[in-house]
Amino acid sequence: MTAMIRLLDAAQARMAIPDLCEVLTDCVNGGASVGFMQPYTHADAEPYWQGVADAVASGATLLFVAEIEGRSVGTVQVGAAQMPNQPHRGDLKKLLVHRSARGKGLARELMVAAEREAAARGKTLLVLDTATGSDAEAIYPRLGWERVGVIPDYALWPEGGLCATTFFYKRVA
């Protein structure tokens, strides 16, 4: 089972919404702190992904998917639209891999694709934040990201309770 990493246009993003809803729902219900609370359903995820597809259409967001056998099982975004004094910066957002597809290197492949495309579009600096102590936090240093620091009580875990957030950056060009 080889994964294919693709950068989606707006039409492709809209077509991928059912799979992306499944990925996001699985991650949130599995405890990933990515902005949503449990219980989380496909119906909860759909408006979010519609908004992402709109952002892809406007050029504000780059949306990547990891596909196995034609099904999206992972995703990551780069927020490409920034304020006028930050045209060189992008925000890495929502690195998600369905629990059934973990352990295959998809997070790494998605990150490499996102970093490469961001650099090709003139971004020289990417930033991200992730829940402190999460499995996700351990991924970024292995991929060359620099830890900046931690803000306590920044967000809530999806099942409730405050969690700290760790910020990272990476120069990509």
Side-chain angles (χ1 to χ4, degrees), residues 4-68 70-101 106-107 109-111 113-123 125-131 134 136 139-140 151 154-160 163 165-170 172:
M4 178 163 59
I5 307 299
R6 292 194 309 135
L7 173 61
L8 302 185
D9 64 23
Q12 293 165 330
R14 284 181 175 65
M15 289 185 67
I17 287 175
D19 285 352
L20 292 170
C21 286
E22 174 59 30
V23 171
L24 180 56
T25 300
D26 175 74
C27 290
V28 172
N29 289 324
S33 180
V34 291
F36 306 101
M37 302 300 289
Q38 297 173 353
Y40 195 72
T41 67
H42 187 282
D44 295 325
E46 200 162 324
Y48 171 75
W49 289 114
Q50 291 286 351
V52 171
D54 292 345
V56 169
S58 75
T61 295
L62 306 176
L63 175 63
F64 298 84
V65 295
E67 295 176 335
I68 295 177
R71 185 174 141 248
S72 296
V73 295
T75 184
V76 71
Q77 301 167 50
V78 177
Q82 299 295 342
M83 296 302 292
N85 71 336
Q86 301 169 28
H88 62 288
R89 187 174 69 78
D91 294 318
L92 194 100
K93 305 183 281 187
K94 304 284 186 281
L95 175 62
L96 306 168
V97 176
H98 195 283
R99 286 178 285 178
S100 68
L106 298 180
E109 289 183 46
L110 284 161
M111 291 291 287
E115 292 168 13
R116 185 179 301 127
E117 185 65 24
R121 293 179 183 228
K123 303 300 180 187
L125 180 70
L126 295 177
V127 297
L128 66 82
D129 66 87
T130 192
S134 67
I139 293 169
Y140 302 113
I151 299 177
Y154 188 82
L156 295 174
W157 291 107
E159 64 275 5
C163 81
T165 295
T166 303
F167 286 81
F168 290 89
Y169 76 91
K170 186 174 185 180
V172 294

* To do: Give a yes or no on whether the backbone of Val172 and the side-chain of Lys123 come within a donor-acceptor separation of less than 3.5 Å.
  => no

* Asked: Do Glu117 and Val78 have side-chain heavy atoms sitting under 4.5 Å apart?
  -> no

* Asked: What residue pairs, at least two apart or across chains, pass ring pair (Phe, Tyr, Trp, His ring centres under 6.0 Å) with a residue in residues 42-63?
  -> Phe36-Tyr48

* Asked: Would one find more than 12 heavy atoms of other residues, nucleotides or ligands at under 6.0 Å from atom CE of Met15?
  -> no

* Output all residues satisfying salt bridge (Lys or Arg N to Asp or Glu O under 4.0 Å) with Asp26, sequence neighbours left out; order by chain, then residue number. => Arg99

* Structure fact -> To the nearest 0.5 Å, atom CD1 of Ile151 lies from atom OG1 of Thr165 at 7.0 Å

* Which residues satisfy the side-chain contact (heavy atoms from CB on, under 4.5 Å) test with Thr25, sequence neighbours excluded? -> Asn29, Tyr40, Ala45

* To do: Mind jotting down which residue pairs meet the salt bridge (charged side-chain N to carboxylate O under 4.0 Å, His left out) criterion with at least one end in residues 31-40? Sequence neighbours excluded, please.
  => none

* To do: For Asp9, enumerate each residue passing the salt bridge (Lys or Arg N to Asp or Glu O under 4.0 Å) test, keeping only those at least two apart in sequence or located in another chain.
  => none

* **Worked check of side-chain contact (heavy atoms from CB on, under 4.5 Å) between Ser72 and Phe64** => CA-CA 10 Å; Ser72 296; Phe64 298 84; over 6 Å; no

* To do: Over all heavy atoms of both residues, which pair between Ala118 and Leu126 is shortest? Give the atoms and the distance, please.
  => CB-CD2, 4.0 Å

* To do: Mind telling me whether Tyr154 and Phe167 have parallel, tilted or perpendicular rings, with 30° and 60° as the class edges?
  => perpendicular

* Asked: What pairs of residues pass the ring pair (Phe, Tyr, Trp, His ring centres under 6.0 Å) test when at least one of them lies in residues 7-30, not counting sequence neighbours?
  -> none

* Quick one: list whatever passes side-chain contact (heavy atoms from CB on, under 4.5 Å) with Ala101, sequence neighbours left out. => Val73, Val97, Leu106

* Asked: Under a 4.5 Å cut-off applied to non-hydrogen side-chain atoms, are Met111 and Tyr140 in contact?
  -> yes

* Who pairs with Ser58 by side-chain contact (heavy atoms from CB on, under 4.5 Å), at least two apart in sequence or on another chain? -> Ala60

* To do: Kindly indicate whether the side chain of Leu62, heavy atoms from C-beta on, has any atom under 4.5 Å from the side chain of Gln77.
  => no

* Sidechain-backbone polar pair: Glu159 side chain, Leu156 backbone, donor-acceptor under 3.5 Å -> no

* **Nearest heavy atoms of Gly74 and Val23, plus distance in Å** => N-CG2, 4.2 Å

* To do: Begin from the C-alpha positions of Tyr169 and Leu125 and carry the test side-chain contact (heavy atoms from CB on, under 4.5 Å) through to its verdict.
  => CA-CA 7 Å; Tyr169 76 91; Leu125 180 70; 3.7 Å; yes

* Could you list the residues that satisfy side-chain contact (heavy atoms from CB on, under 4.5 Å) with Met4, not counting sequence neighbours? => Arg6, Glu67

* **Sequence neighbours excluded, every pair satisfying salt bridge (charged side-chain N to carboxylate O under 4.0 Å, His left out) that has a member inside residues 33-45** => none

* Asked: Can you check whether Lys170 reaches Glu115 side chain to side chain, under 4.5 Å on heavy atoms?
  -> yes

* Structure fact -> Residues at least two apart in sequence or cross-chain that pass salt bridge (Lys or Arg N to Asp or Glu O under 4.0 Å) with Glu109, listed by chain then number, are none

* To do: Taking the side chain as every heavy atom from C-beta outward, state whether Phe168 and Thr130 have any atom pair closer than 4.5 Å.
  => yes

* Under the side-chain contact (heavy atoms from CB on, under 4.5 Å) rule, what do Val56 and Arg14 come out as? Steps first, then yes or no, please. => CA-CA 10 Å; Val56 169; Arg14 284 181 175 65; over 6 Å; no

* Structure fact -> side-chain contact (heavy atoms from CB on, under 4.5 Å) with Val76: of Leu110, Leu96, Ile5, only one passes, and it is Leu110

* To do: Ignoring hydrogens and angles, tell me if any N or O in the side chain of Gln38 forms a donor-acceptor pair with the backbone of Val28 under 3.5 Å.
  => yes

* If a pair satisfies salt bridge (charged side-chain N to carboxylate O under 4.0 Å, His left out) and one of its residues is in residues 71-92, list it, with sequence neighbours excluded. => Arg89-Asp91

* Asked: Any side-chain heavy-atom pair from Ser33 and Pro158 closer than 4.5 angstrom?
  -> yes

* Would you say the side chain of Thr75 lies within less than 4.5 Å of the side chain of Leu24, judging by non-hydrogen atoms? -> no

* To do: Would you check if Leu20 and Glu46 make a side-chain contact, meaning some heavy-atom pair closer than 4.5 Å?
  => no

